[in-house]
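Down below is the structure, laid out as structure tokens.
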Amino acid sequence: MSEHWEIYADWNPWHGCTKISPGCLHCYVYRQDAMYGSTQASNLARKTAAFNLPIKRKRDKTWKIESGKVVFTCFTSDFLLKDADPWRQECWQMIRQRKDLWFYFFTKRIDRFMQCIPDDWDTGYENVIVGCTIENQQMADYRLPIFKSLPIKHKSIIASPLLEHIDIRACLDTDIEEVSTGGESGLQARVCNYDWVLDLREQCVAANVPFRFHQTGARLLKDGKLYRIPRRYQLSQAHKANIDYRISKFFVPETAKYQWEESDYRNQNDTSTI
């Protein structure tokens, strides 16, 4: 993701994850491992060479991840993965040290959150943003009440891959800084109905919660027509739909309590439309 916006950086301290819910069926991590011929099973978590990236420095002693970046954390696994329990405390130490960065992780394991936080967490770290991932109504009904009850200062709901119509109105209030949704990618992607996206937007508008359509997915049903969208266009086509609500030009929700460093958006050179 970070190749398109200079305000973002990636940090994957470990790689590999186990599938736990319907949204995991066509996991992109498994697809990428197969594409690149990984010799290790995708369900086996292992530390990466980037484990200490937040505290690594360049030859001139400046940070490798510059101050002010939003760091997508553990996007090739799950930060709350049980297999990573022995490593997570060291990550929290690095997050605590780099208060000049915003660390953003998504999780399908929000029910493990209280088991995974550091001793000094209290009401949450100011520089940590947590996204609770939901994909259908069953997962929304299970995960979101837990998510709402947790001591987290910056909360996002990630409805992706969106597999059906979801009603989350009961969970939308000022505690939620953003709802972001998108379809599934990959050759075997399940269909995302644009009507589901629009209805989710209406729920957010009614609650005055920022909403973002971040990705169309590979198969988007719109106005009775099924569009097959190449991976390179799935982000830009969602942006061209122009249905984001209370989102800035840097894809940041207006309600965000944190400050983001501005930089130029890198055009993806996509001129087609759906």
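Using a 4.5 Å cut-off on side-chain heavy atoms (C-beta onward), Leu200 and Phe211 make contact. The shortest side-chain heavy-atom distance between Lys108 and Arg143 falls under the 4.5 Å cut-off. Looking at heavy atoms from C-beta onward, Phe113 lies in side-chain contact with Val130 at the 4.5 angstrom threshold.
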*asked:* Using side-chain hydrogen bond (donor to acceptor under 3.5 Å, both in side chains), reason through His154 and Asn127 one step at a time and then give a plain yes or no.
replied: CA-CA 8 Å; His154 305 293; Asn127 67 328; over 6 Å; no

_Criterion side-chain hydrogen bond (donor to acceptor under 3.5 Å, both in side chains) on Asp223 and Tyr194, from CA distance to verdict_ = CA-CA 8 Å; Asp223 299 328; Tyr194 192 58; over 6 Å; no

_Chi angles and distances behind the side chain to side chain contact (heavy atoms under 4.5 Å, CB included) call for Gln32, Cys27_ = CA-CA 9 Å; Gln32 289 178 349; Cys27 177; over 6 Å; no

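Around the NZ atom of Lys56, the shell of radius 6.0 Å holds more than 12 heavy atoms that belong to other residues, nucleotides or ligands. No more than 12 heavy-atom neighbours from other residues, nucleotides or ligands sit within 6.0 angstrom of CD on Gln138.
A donor atom on one side chain and an acceptor atom on the other are found under 3.5 Å apart for Asp78 and Thr107. Counted by atom type alone, His214 and Asp244 present zero donor-acceptor pairs between their side chains at under 3.5 Å.
Listed by chain and number, the residues in a side-chain hydrogen bond (donor to acceptor under 3.5 Å, both in side chains) with Thr133 amount to none (sequence neighbours excluded).
Aromatic ring centroids of Trp11 and Phe75 lie 6.0 Å or more apart. The six-membered or imidazole ring of Trp92 lies near that of Tyr125, with a centre-to-centre distance under 6.0 Å.
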Below 3.5 Å, can you tabulate the donor-acceptor pairs from side chains in residues 183-193 to any protein atom, sequence neighbours excluded?
from, atom 1, to, atom 2, distance (Å)
Glu184, OE1, Arg190, N, 2.8
Glu184, OE1, Arg190, NE, 3.0
Glu184, OE2, Arg190, NH2, 2.8
Ser185, OG, Arg31, NH2, 2.9
Arg190, NH1, Pro22, O, 3.1
Arg190, NH2, Pro22, O, 3.0
Asn193, OD1, Asp195, N, 2.8

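Side-chain atoms of Arg212 do not come within 3.5 Å of backbone N or O of Val179 as any donor-acceptor pair.
Going from atom CH2 of Trp87 over to atom SG of Cys74 covers 9.5 Å, rounded to the nearest 0.5 Å.
By the criterion of side-chain heavy atoms lying less than 4.5 angstrom apart, applied directly or through intervening Ile, Leu, Val, Met, Phe, Trp or Tyr residues, Leu44 is not grouped with Ile20; the two fall into different hydrophobic clusters.
When each of Cys116, Cys17, Cys132 is paired with Arg109, the side chain to side chain contact (heavy atoms under 4.5 Å, CB included) condition holds for Cys17 and for no other.
Cation-pi geometry between Arg98 and Trp63 is met: under 6.0 angstrom from the ring centre, within 45 degrees of the axis.
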